[in-house]
Amino acid sequence: MKHYSKEELASYKAGTLSEKDSDILEEHLTKCDMCCEMFLSMIHNEEIRQAQSKISLDFPTKVLCQVKKQRKVEPVCKKKVEITRKRNLFMYYIAASIVTFMLMNFGMFDKIANIIPVANATSYRAECSMNIDFPEKIVSGAHEWIQNFEEYK
């Protein structure tokens, strides 16, 4: 980034630069803190007092009103939002149907359906081979814990 010299900034301040060069320098001042700080340091208190005397007291209010007028926010149309939501929902359904169709074509549902009965039979056999009486074990464990707790007191 090219930085401007004090002489170039002084020329801008004096108004002796061409309009094109002034525009370029102004753009640069908005982006470069170093040059902006140098330019602001060139402004003397007498110049600030002169500017204050020329600016009316309601200047900030007028500027804010103008900004608000220019920045009218266009309200979001509810109809557009609803159409976008419906379109998105429709796209989700299309994607889900494509995935389902692909899984059906590759036989994934058939493979899953064939695995489930085998898994169920295996788990049932495992349950039958284990002789677990959970309620009795839970009751006796809780009873022992309560007895130990009462003894600890």
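Just so it is clear, the structure is predicted and the values come from calculations on it, not from any experiment.
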Partner set under salt bridge (Lys or Arg N to Asp or Glu O under 4.0 Å) for Lys6, not counting sequence neighbours
none
Sequence-distant partners of Tyr4, side chain to side chain donor-acceptor pair (under 3.5 Å), two or more places apart:
none
Please identify each residue that fulfils side chain to side chain contact (heavy atoms under 4.5 Å, CB included) with Leu57, with sequence neighbours left out.
none
Qualifying residues under side chain to side chain donor-acceptor pair (under 3.5 Å), relative to Ser56, sequence neighbours excluded
Asp58
Hydrophobic cluster membership, with links at side-chain heavy-atom distances under 4.5 Å among I/L/V/M/F/W/Y: are Leu64 and Phe59 in one?
no
Gln50: side chain to side chain donor-acceptor pair (under 3.5 Å) partners, not counting sequence neighbours
none
In chain order, what residues pass the salt bridge (Lys or Arg N to Asp or Glu O under 4.0 Å) check against Glu46, with sequence neighbours excluded?
Arg49
Sequence neighbours left out, what passes side chain to side chain contact (heavy atoms under 4.5 Å, CB included) with Ile98? Give chain and number order.
Ile94, Met102
If you link I, L, V, M, F, W and Y whenever their side-chain heavy atoms are under 4.5 Å apart, who else ends up in the same group as Leu89?
Tyr93
Keeping the roles fixed (side chain from Thr16, backbone from Ser11), state whether a donor-acceptor pair exists under 3.5 Å.
yes
All heavy atoms of Lys13 vs all of Ile43, minimum pair found to be NZ-CA, 4.1 Å
In chain order, what residues pass the side chain to side chain contact (heavy atoms under 4.5 Å, CB included) check against Lys20, with sequence neighbours excluded?
Ser18, Ile24
Using the side chain to side chain donor-acceptor pair (under 3.5 Å) criterion, which residues pair with Arg87? Sequence neighbours excluded.
none
List the atom pairs, donor and acceptor, that lie under 3.5 Å between side-chain atoms in residues 28-40 and the rest of the protein, sequence neighbours left out.
from  : atom 1 : to    : atom 2 : distance (Å)
His28 : NE2    : Lys2  : O      : 3.2
Thr30 : OG1    : Glu27 : O      : 2.5
Lys31 : NZ     : Glu27 : OE2    : 3.3

Who are the side chain to side chain contact (heavy atoms under 4.5 Å, CB included) partners of Ser53, not counting sequence neighbours?
none
